[in-house]
Amino acid sequence: MKKTFILLFLAALLFCTACQSTEAGKVSLPEESIDTAFILQNENIDSAQVYKEFVMPEPFGNTGENTGGWTYEYLQPCKMKFDGIPNYLSNGIDIDNVAYRQWAESLYGFHVPPTRLVEYMNLYSFFIEFDIPLDEARALMEVPNQKMMESGIWDEELHLNSIDLDILFSMNEAAIIEHFKTDYTISKGDKLYSPQWIYENSVVDYVAEGLTVLDIAPKYEYYEKIGFAQAAIETFEAKLEYFEEIQKAEGVILPEEMTIKSKSIESIGEITNALDADIPQPLVEAVGGFANIGFLSPFNEKINVVSSDIVFAFVTRDEINAWISDEIVYEEISGLSDYHNIYSFMRDFNISGEEAKEVFINTYNESISLGLEPNLTLEDIDIICSMDEQAIIEHFANPYAIVESNNVYTPLWIYNHTADDYLDAGISAEALNEKLALYADFNFTPEAEIYLNEKLSDFIGEEVNISAHR
């Protein structure tokens, strides 16, 4: 049976190993995932204690699996209204653009999850870094906020109200954290711990930071909503269960209904399980990242990324959440309208090319002024805003995919369909033959490569050996 999953706007690259599940609520870890001598010098750590070290798999599988989890809630410690630096603020205060760009680039991404506000881009760290006059900044922020309220486009999740501003401009780090942290984030004084931090860090790190199960367990219900891949769930639950055991030995005991055994962190679903039972899993688990987007997506990342600039210029958060909640059957995608991208966003919300172009150009100009490379070039913007589906397909098609009329057939589609399906779609042997060298980029399982070689050999009429192109 085919399962479905949701495509969101974020993806990232990590590498992982897997672990084996036993009975419900229990996990057996492979020997190689345990480091028997991981000890740090820290006042919170008993130097005689030897801790297990869990090798954490990529949290959401490779891009041939569940891509639903790289959400704002997993990565960001605080709410969006606090993490964004409005253009009217960064442009309205006299700061050096080059310095601003360098600062932004230095803090971009969450390769190391932050535990302090100054470790990532947000309003507090912006004020601190550039020694912003607080009275001037507040005056700049109050005027547009008032205008948005009066015009009816106020969004409580995106815009700061008077209480938010009071707490922000107190510059009390602990109070700011407590007020602006997401429901998914743990706070302790002037430090904060996102789900990403809890997932990626070790039990030793928990102890070193002074975290207890009483801090972490209340967040289990939120971790359930994130949509981890199955291997990640198993290892994460094992690590949390182990931490509970360590804490229990030290006298910190959770009520039974709060333990990880009583919870069930669920996976949204993995595309490797969405294939028919007689077809091998296509890609090697735990190996992937951006390269395997070419296996899954009909179009390149430029048109796949629906940025917040274009989203919140036209729709509310509730509207966009409802839109991205539509489930996508990736085995069946062949057109622009079949999944979430810039074109389908504009079409579904009746946004004209002229309206969208104004937003795209503003974003483009802002990137250029900061010395950053825009996601969309002026040519990209012109083609998207033409709303000419054929022109968009030809310009943004994934190079690994086969274009046939207004349809684009991914390697996943080719892998999961039959020779008769190819003929019905108008795909020729010549078109497939031209893609074989590119297919060598993918990390197929041995069984999958044999299966695909045989299927394509029969269709093309000559022996196919994908590995010969590596």
Considering only NZ, NE, NH1 and NH2 on the basic side and carboxylate oxygens on the acidic side, decide whether [X] and [Y] come within less than 4.0 Å.
{"X": "Arg116", "Y": "Glu173", "result": "yes"}
{"X": "Arg138", "Y": "Asp166", "result": "yes"}
{"X": "Glu209", "Y": "Lys191", "result": "yes"}
{"X": "Asp96", "Y": "Arg101", "result": "no"}

* ring-ring contact (aromatic ring centres under 6.0 Å, His included) with Tyr223: which of Tyr199, Phe236, Tyr184, Phe228? ->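 When Tyr199, Phe236, Tyr184, Phe228 are each tested with Tyr223, the ring-ring contact (aromatic ring centres under 6.0 Å, His included) holds only for Phe236.
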* Shortest non-hydrogen contact between Asn161 and Lys81, atoms and distance ->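 Taking every non-hydrogen atom into account, ND2-NZ, 4.4 Å.
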Do [X] and [Y] have ring centres separated by under 6.0 Å?
{"X": "Phe126", "Y": "Phe130", "value": "yes"}
{"X": "Tyr51", "Y": "Tyr242", "value": "no"}
{"X": "Phe345", "Y": "Phe314", "value": "no"}
{"X": "Phe295", "Y": "Phe442", "value": "yes"}

Under 3.5 Å side-chain donor-acceptor pair for [X] and [Y]:
{"X": "Glu178", "Y": "Ser187", "value": "yes"}
{"X": "Tyr206", "Y": "Asp215", "value": "no"}
{"X": "Tyr400", "Y": "Asp441", "value": "yes"}
{"X": "Tyr339", "Y": "Asn304", "value": "yes"}

* Using the test side chain to side chain contact (heavy atoms under 4.5 Å, CB included), find all partners of Ser337 that sit at least two apart in sequence or belong to another chain. =>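 Ser337 satisfies side chain to side chain contact (heavy atoms under 4.5 Å, CB included) with Tyr343, Arg347, Glu389 only.
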* **Side chain proximity check, Val403 to Ile393, heavy atoms < 4.5 angstrom** =>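 A side-chain contact exists here, since the closest heavy-atom pair is under 4.5 Å.
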